[in-house]
There are 4 protein chains.
Amino acid sequence: MSHKEIRSLIRIGVIGGSRAKTGFLAQAREVGRLIADRGAVLVCGGLGGVMEEAARGARSRGGLTIGILPGTQPSEANPHIDVALATGLGYTRNSLVAMNADVLIAIDGEYGTLSEIAYARIYGKTVIGLGTWEVKGVVPAASPEEAVRLAVKAVPDGR
Amino acid sequence: MSHKEIRSLIRIGVIGGSRAKTGFLAQAREVGRLIADRGAVLVCGGLGGVMEEAARGARSRGGLTIGILPGTQPSEANPHIDVALATGLGYTRNSLVAMNADVLIAIDGEYGTLSEIAYARIYGKTVIGLGTWEVKGVVPAASPEEAVRLAVKAVPDGR
Amino acid sequence: MSHKEIRSLIRIGVIGGSRAKTGFLAQAREVGRLIADRGAVLVCGGLGGVMEEAARGARSRGGLTIGILPGTQPSEANPHIDVALATGLGYTRNSLVAMNADVLIAIDGEYGTLSEIAYARIYGKTVIGLGTWEVKGVVPAASPEEAVRLAVKAVPDGR
Amino acid sequence: MSHKEIRSLIRIGVIGGSRAKTGFLAQAREVGRLIADRGAVLVCGGLGGVMEEAARGARSRGGLTIGILPGTQPSEANPHIDVALATGLGYTRNSLVAMNADVLIAIDGEYGTLSEIAYARIYGKTVIGLGTWEVKGVVPAASPEEAVRLAVKAVPDGR
């Protein structure tokens with residue numbers, strides 16, 4: 001992939017807890033792989049748990065990964081993040097994760113994930129859910145495959 | 001009230017939609033009145049709808065009102081805000097509303113309110129709900145009276 | 001002062017180092033006193049050094065003080081702050097200090113103060129300087145009296 | 001370049017006005033080219049003027065470009081940005097530009113650039129200057145070549 005193409009790729013955000021259970025971590029990894037297979041860029045919060053497994057999956061298939069971090073040091077990102085962006089905003093950075101994805105997949109997750117779901121909806125983005133908060137506006141998916149398929153479909157052409 | 005006392009007062013956040021229906025606006029006004037009657041400071045997002053009615057209610061009883069605004073101009077605040085704080089953060093300021101209240105009362109509300117509920121929980125604050133999102137961690141109240149009573153009770157002494 | 005009047009008062013920002021030398025601290029205290037004597041509200045970063053002495057001075061004359069903090073806890077503010085606003089933005093909150101003052105007085109200061117001077121100018125606010133950075137756009141004053149006099153004069157009527 | 005390498009590259013920030021004069025724009029373009037030739041990643045504010053010319057130069061030599069934007073839409077970035085990050089922070093995002101570079105080169109510039117210089121110094125980063133603000137802590141360079149050479153030299157090994 002040449003750099004010039006990066007800008008034209010769709011960006012799929014993966015949000016979820018930094019302390020998710022094993023089953024969700026495996027799902028996150030698979031979601032990451034499928035995102036890369038689709039030629040999309042992964043956007044996430046850059047830390048551990050669901051964020052790290054999704055990034056690990058995406059990188060294992062040659063995908064590009066962006067991590068939008070709460071702290072002030074790009075080096076805080078998990079090792080599977082290609083482009084680490086420090087914000088120094090703490091949890092307030094959750095808004096920026098939603099802002100920088102065309103569509104989001106929420107996996108498990110606690111209140112941080114809920115804030116990202118809310119911001120995604122504020123910004124008019126579709127949110128696909130895998131075992132996450134059941135709130136209005138989250139489209140449930142039954143598997144990583146379905147989640148990524150629905151996510152890609154939700155991004156308007158010529159975005 | 002002398003200025004020196006302001007710092008010692010508890011702060012109750014009121015969150016809710018800028019386009020709430022009439023019934024919720026009346027509840028917001030009553031919540032504002034009761035917050036002032038309890039000697040608490042009102043914290044809100046500083047704009048219209050539930051925020052404005054809560055501030056109107058609080059001011060009608062001599063309470064102090066703080067508005068944490070999305071834009072860059074303090075003058076954007078509704079006329080019932082005493083201390084208008086501009087942030088220039090857009091919707092991302094929702095995190096700061098939750099951060100600056102000891103406890104929050106959510107009235108009606110859309111995704112902006114959901115993001116504030118989520119941030120309140122991230123920051124470990126109790127959220128009382130009046131006709132709002134039914135998510136884990138929101139304590140439902142049946143009336144403005146009950147909401148304010150529960151809110152005051154939820155603030156630890158010596159906070 | 002009734003609460004209703006707070007909104008109509010001009011706001012003077014005082015910016016400067018948290019580790020200023022004694023002479024500058026005395027100047028900050030005097031600037032704070034004069035701000036209160038003029039009936040203006042003091043806005044500052046809420047921490048120690050110049051911020052604390054300015055707030056101490058303003059409060060000693062019955063003025064209202066607002067502190068816009070880098071951390072997530074309003075309780076971090078120095079004891080002379082009436083309205084403490086937590087932002088969780090770290091140094092990035094410097095922009096908000098400038099945004100929330102009608103005019104600023106810079107006293108001594110290091111790079112944090114320089115960032116606030118820059119933001120004040122970005123937002124079109126006048127900056128008066130007392131022994132601070134000598135950059136284009138800072139109006140030098142020879143004493144606290146002159147600084148506060150020039151500051152009040154710089155705020156447009158009907159702001 | 002494989003994605004995996006991106007993380008290991010040094011990041012050079014280029015800051016400067018969106019309305020710089022022609023001579024400075026040519027310097028920015030040359031700085032961008034030299035950054036890419038050195039194998040470094042360009043970080044900038046993502047908009048026009050110096051930011052755009054530096055990105056144009058970097059991309060013309062196959063370099064990767066990151067733009068940290070004031071608005072909420074990644075699509076606001078100039079066409080030479082590979083990884084566009086929306087922040088929705090307005091001018092407050094200047095802090096994040098400094099935070100995400102290992103070293104910065106300031107070219108011309110007004111108060112926005114001054115705020116970025118200040119933040120770079122707050123975060124302990126070296127700032128190289130080309131016709132920019134002459135303030136303490138800015139290391140002057142006589143040409144784009146010297147600026148990029150000094151910048152690369154200033155980044156600690158094993159950062």
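Values below: every heavy atom of this structure, side chains too, minus hydrogens, waters and symmetry copies.
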**Study point:** Stepwise side-chain contact (heavy atoms from CB on, under 4.5 Å) check, Thr92(B) with Met99(A)
**Key:** CA-CA 10 Å; Thr92(B) 304; Met99(A) 201 183 281; 4.1 Å; yes

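Of all the heavy atoms in Tyr111(B) and Lys136(A), the pair that sits closest is OH-O, 2.8 Å. In plain terms, the two heavy atoms of Gly112(B) and Ile122(A) that are nearest each other are CA-CD1, 3.7 Å. Of all non-hydrogen atoms in Ala118(B) and Ser115(A), the two that sit nearest each other are CB-N, 3.5 Å.
Within 6.0 Å of OH in Tyr91(A) there are 12 or fewer heavy atoms belonging to other residues, nucleotides or ligands.
Ranked by heavy-atom pairs under 4.5 Å with chain B, the first of Ile117(A), Leu96(A), Asn94(A) is Asn94(A).
Proximity to chain A (any heavy atom under 4.5 Å) is shown, for Glu134(B), by neither the backbone nor the side chain.
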